[in-house]
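Report on the following structure.
Quick note on labels: first sequence line is chain A, next is B, and so on, each numbered from 1. Any value given below was found using the heavy atoms of this structure, including those in side chains, with hydrogens, waters and symmetry copies removed.
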2 protein chains.
Amino acid sequence: MSKIDRISSCDDCPIRHNAVCAECDAAELAMLERSKSYMTIPAGATIASAGEPLTHLSSIITGCATMSRTLEDGRRQTVGLLLPSNFIGRPGRECSIYDVEAASEVTLCRFERRTFERMVQDTPHIAARLLMMTLDELDVAREWAVVLGRMTAREKVAAFFVSLARRQAQTDGGRQPARTTMLSLPLSREAIADHLGLTIETTSRQITALRKAGLIETPSLRAIRIPDFEKLALEAGEDDDGGIVA
Amino acid sequence: MSKIDRISSCDDCPIRHNAVCAECDAAELAMLERSKSYMTIPAGATIASAGEPLTHLSSIITGCATMSRTLEDGRRQTVGLLLPSNFIGRPGRECSIYDVEAASEVTLCRFERRTFERMVQDTPHIAARLLMMTLDELDVAREWAVVLGRMTAREKVAAFFVSLARRQAQTDGGRQPARTTMLSLPLSREAIADHLGLTIETTSRQITALRKAGLIETPSLRAIRIPDFEKLALEAGEDDDGGIVA
DNA sequence: GAGGCGCATTGATCCACGTCAAGTCAGTGC
DNA sequence: GCACTGACTTGACGTGGATCAATGCGCCTC
């Protein structure tokens, strides 16, 4: 029972692998539990800066953060959108190589880095679980390369909404987004542009164009309604059998 | 001794983690060894097609392969360049979601998928090792997003040569490429263009431009000489303290 | 050596997106 | 109500890279 207790307190954490945890060493899990702490970050705040050592690894419980690189001349590219269950920092490296910023208010579940790294070394199921999570992130990153490298501005914006809708649906427990979906936009236009490799003006124009084409509605600046998800997905360059991006 | 034997025969494989392997269960390693086989693929051949089941996971021993997605209208984006030690396929998924093609002649070390997956589940050090490899690939993919999203054609081409020089140096045992480096180009101009999100014409023009600027020399179509690596890296948008891409 | 074939390069033109510069609009403070 | 601010939108124009079209060049076959 002590085992199960500890595991259930893990429910909101990255290592949310109930069945698997049951096979882990209770002493090790207890250690991880002890090093765990929660933290709330206000919107706009910096969570980590490129090159600065991280004392903790954390996973996002609620909210949205961006991971970006800024070149010396000011050009910025967001390389990842961090949503609930995503990880900040990686075992085996002291620093983040990207800037991580809270796009909305973010709550984190933090683990002391040393402890966490020891767990990964010693506990097979945590390493295996983390491996699956990382492989999924790798797929997302590669899928995004197709968007960045080969899509038009209009397709990029559509792809962004489609991808965000999929990820929000997944977080909310559903598999696929409903045909008609309401989307909360945790990012400013500038942050969207940085994610898409576009300027803020082009992004804005394409959002307008999609609205005029009836593919999206914009009830407010930070919300998007998608009347027909399939149609939007088509606009994002997906063939009819649906895409793969998470 | 039997343990050590098995491990040393792993030297050219992804699971090349001698010290770590010594702690693994000999029976499990033996199983992995039994499922191992080598294979040579001619240049230009398809190694895997998106959506088709893979019976084997493999790692590249020699040569170069590309991982790409082709959209219905023919646009193609290469999402990863596979060089020695890189992995093809992933545990936990039956198919590759990308087309994998041999750019040059490729030799593979293949593992039967089922066996390999069981190993990942059961053997902590293999999962941990695979996790580190995957995290590195994730960094490479994210770094490439910066290139695709925010760099000019000239910077993209320079970044490609710089990145390739780093990876070839790494494979050859050195840490950083020498100041003056000879680079073998395993890709056609078209494949380079697909990797950079450019057309073949723009790619060719930028190679010419870099040559005229004295940043590279082109002794043959499939070779590049870099007289001053640092200078080329600067052209690729890196600040002076060097970049992070593998 | 002539022809053909597959790549790569080069040239001329076009257009999608960047740039620069005004608006517009919601929110906030007085 | 009115000014102020910051985020967003819209407009006019310029440009980097795409597109279309030759041309060059190694390599193979005959």
Integer-rounded Å distance: D:dA18 C1' and B:Asp194 CG: 14 Å
Ring geometry between B:Phe160 and B:His195 (parallel below 30°, tilted from 30 to 60°, perpendicular above 60°): perpendicular
Least distance between heavy atoms, B:Ala223 atom then B:Pro219 atom: O-CD, 3.7 Å
B:Glu238/B:Arg166 salt bridge by N-O under 4.0 Å criterion: yes
Electrostatic pair B:Glu137-B:Arg90, nearest N-O below 4.0 angstrom: no
Interatomic distance, B:Leu198 CG vs D:dT19 P [rounded to whole Å]: 11 Å
Any donor-acceptor N/O pair, A:Gln168 side chain to A:Leu183 backbone, under 3.5 Å: no
Strand-adjacent residues in residues 200-218 of chain A, judged by heavy atoms under 4.0 Å from DNA chain C: A:Glu201, A:Thr202, A:Arg205
B:Arg142 and A:Trp144: CA distance, side-chain angles, deciding distance, side-chain contact (heavy atoms from CB on, under 4.5 Å) verdict: CA-CA 9 Å; B:Arg142 285 177 169 161; A:Trp144 206 247; over 6 Å; no
Span of DNA chain C, from the first to the last nucleotide whose atoms fall under 4.0 Å of chain A heavy atoms: C:dC17 to C:dC20
Between D:dT10 (P) and A:Arg189 (CZ): distance, integer Å: 10 Å
Net bend of the helix from C:dG1-D:dC30 to C:dC30-D:dG1, end axes of five pairs each, nearest 10 degrees: 30°
A:Arg69 and A:Asp99 ion-paired at < 4.0 Å: no
Gap between atoms CG and P, on B:Leu221 and D:dG26 respectively (whole Å): 9 Å
Heavy-atom pair with the smallest gap, counting every atom of B:Gly89 and B:Phe87: O-CD2, 3.5 Å
Rounded interatomic separation in angstrom, taking CD from B:Glu155 and C1' from D:dG16: 12 Å
B:Arg222, CZ: over 12 other non-hydrogen atoms inside 6.0 angstrom: yes
Side chain to side chain contact (heavy atoms under 4.5 Å, CB included), paired with B:Thr78, selected from B:Ile192, B:Asp194, B:Thr70, B:Leu187: B:Asp194
Closest heavy-atom pair and its distance - B:Ile200, B:Arg189: CG1-CB, 4.0 Å
